[in-house]
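The figures here come from the full heavy-atom set of this structure, side chains too, leaving out hydrogens, waters and symmetry mates. What you see is a predicted model, and the numbers here were worked out from it, not measured in a lab.
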Amino acid sequence: MAAGARADRRTAVTRLVIATRQSRLALWQAEHIAKRLRELHAGLAVELLPMTTRGDQLLDRRLDEAGGKGLFVKELETAISEGRAELAVHSMKDVPADLPGGFTLAAITEREDPRDGFVSNRCARLADLAAGSVVGTSSLRRAAQVKERHAALEVRLLRGNVETRLAKLDRGEYDGVVLAVAGLTRLGLEARIAERLAVEVSLPAPGQGALGIECLAERVDVRALLAPLADPSSALCVRAERAVSRALGGSCSLPLGAYAQLARGILTVRALVASADGSRVLRASAQGADPEAAGLAAAQALRAQGADEILKALQ
């Protein structure tokens, strides 16, 4: 498409539809992006298209057993490809390492606190839970790290949206739960957080705390509208973390963590791979200016410690 045609198409965009999951957190995130777009572009109409994804429907199974992270985004991508929506807003930790052909992440926004949070009505710290206490999480990554440090605790599956998980905690089905700090904060539930777990204790998932906006790569006009929402520092860190996941074939079937920090143009990437039961946890780090190279180096350092054995056992 010629530059002039692209410009004409860009100026013709007066309405955008955002495909989103129907959970309260997903709707908050989509409306947050919609509000910012309206503020940035006078006269632009932005609407939401709430949808139920396969991942939202499967509440009694682990995601790794049902198909992985893509279960949360496939229906949204279908809505975009069919022209029912122009973009989708995702929690970056839910986005597979590789996007389908024709799609792109047009913007990664400024990151919220990426840490995991411990929520409990009984204890102020995860370490204070008595032996035999039940901890709920839907994440193999979180479960493995809890089991590594607290072998006497029982870790059980906990699915559902944030409110559902907290309701189960409040009914006494769990003694504590581990959730993303970012989700609790966005829903105004920050006061429920008993302890923000240090990254040394619970290394976050790749992209945790960041929002990503996906659209068709060919939609130069839509990408131009989304460009001001991008946060370059957050994007570099998330790209490095996703490079770790991509190099190791990361999905929900792999307890994998990755967290990058940027200082003076250099990325420091921490990465983790664990066995499902937490009996073996590998950690590595790497530095570099290029996010993909730094992430790959961290993944290679894990492989040098025997990550392939863990990967093979999980297949």
Set of residues satisfying side chain to side chain contact (heavy atoms under 4.5 Å, CB included) with respect to Ala127, sequence neighbours excluded: Arg125, His150

With sequence neighbours excluded, residues passing ring-ring contact (aromatic ring centres under 6.0 Å, His included) with His41: none

Under the side chain to side chain contact (heavy atoms under 4.5 Å, CB included) test, residues paired with Ala106 that sit two or more places apart: Cys215, Arg223, Leu226

Residues that Ser91 engages under side-chain hydrogen bond (donor to acceptor under 3.5 Å, both in side chains), provided they are two or more places apart: Gln29

Ala243 backbone acceptor or donor facing Glu292 side chain under 3.5 Å: no

Inter- and intrachain pairs under salt bridge (charged side-chain N to carboxylate O under 4.0 Å, His left out), touching residues 297-307, at least two apart: Arg303-Asp308

In a table with atom names and distances, give each donor-acceptor pair under 3.5 Å that connects a side chain of residues 203-214 to protein atoms at least two apart or in another chain.
from   : atom 1 : to     : atom 2 : distance (Å)
Gln208 : OE1    : Arg141 : NH2    : 3.2
Gln208 : NE2    : Pro114 : O      : 2.9
Gln208 : NE2    : Arg115 : O      : 3.4
Gln208 : NE2    : Asp116 : OD1    : 2.8
Glu214 : OE1    : His90  : NE2    : 2.7

N-O pairing of Arg36 and Glu110 below 4.0 Å: no

All side-chain hydrogen bond (donor to acceptor under 3.5 Å, both in side chains) counterparts of Arg196, not counting sequence neighbours: Asp113, Glu190

Ring pair (Phe, Tyr, Trp, His ring centres under 6.0 Å) contacts touching residues 15-40 (sequence neighbours left out): Trp28-His32

Members besides Leu184 in its Ile/Leu/Val/Met/Phe/Trp/Tyr cluster (side-chain heavy atoms under 4.5 Å): Leu25, Val119, Val134, Leu158, Val162, Leu166, Leu169, Tyr174, Val177, Leu179, Val181, Leu187, Leu189, Ile193

Shortest non-hydrogen contact from Gln305 toward Ala284: NE2-CB, 3.7 Å

Nearest heavy atoms of Ala26 and Thr20, plus distance in Å: O-OG1, 3.3 Å

Residues Glu200, Arg270: salt bridge by 4.0 Å N-O rule: yes

Ser245 (side chain) donor-acceptor with Ala97 (main chain) under 3.5 angstrom: no

Side-chain donor-acceptor pair present, Thr268, Gln261, cut-off under 3.5 Å: no

Side chains of Ser133 and Arg122, donor plus acceptor under 3.5 Å: no

Those residues that, when tested against Glu39, pass side-chain hydrogen bond (donor to acceptor under 3.5 Å, both in side chains) (two or more places apart): none

Sequence neighbours excluded, every pair satisfying side-chain hydrogen bond (donor to acceptor under 3.5 Å, both in side chains) that has a member inside residues 277-286: Glu148-Arg283, Ser275-Asp277, Ser275-Ser279, Asp277-Ser279, Arg280-Glu309

Heavy-atom side-chain proximity of Arg192 to Asp170 below 4.5 angstrom: yes

Leu49: side chain to side chain contact (heavy atoms under 4.5 Å, CB included) partners, not counting sequence neighbours: Val17, Met51, Ala79, Arg84, Ala85

pair Leu126-Glu195: side-chain heavy atoms closer than 4.5 Å: yes

Test item: Thr109 side-chain N/O and Leu229 main-chain N/O as donor-acceptor pair under 3.5 Å: no

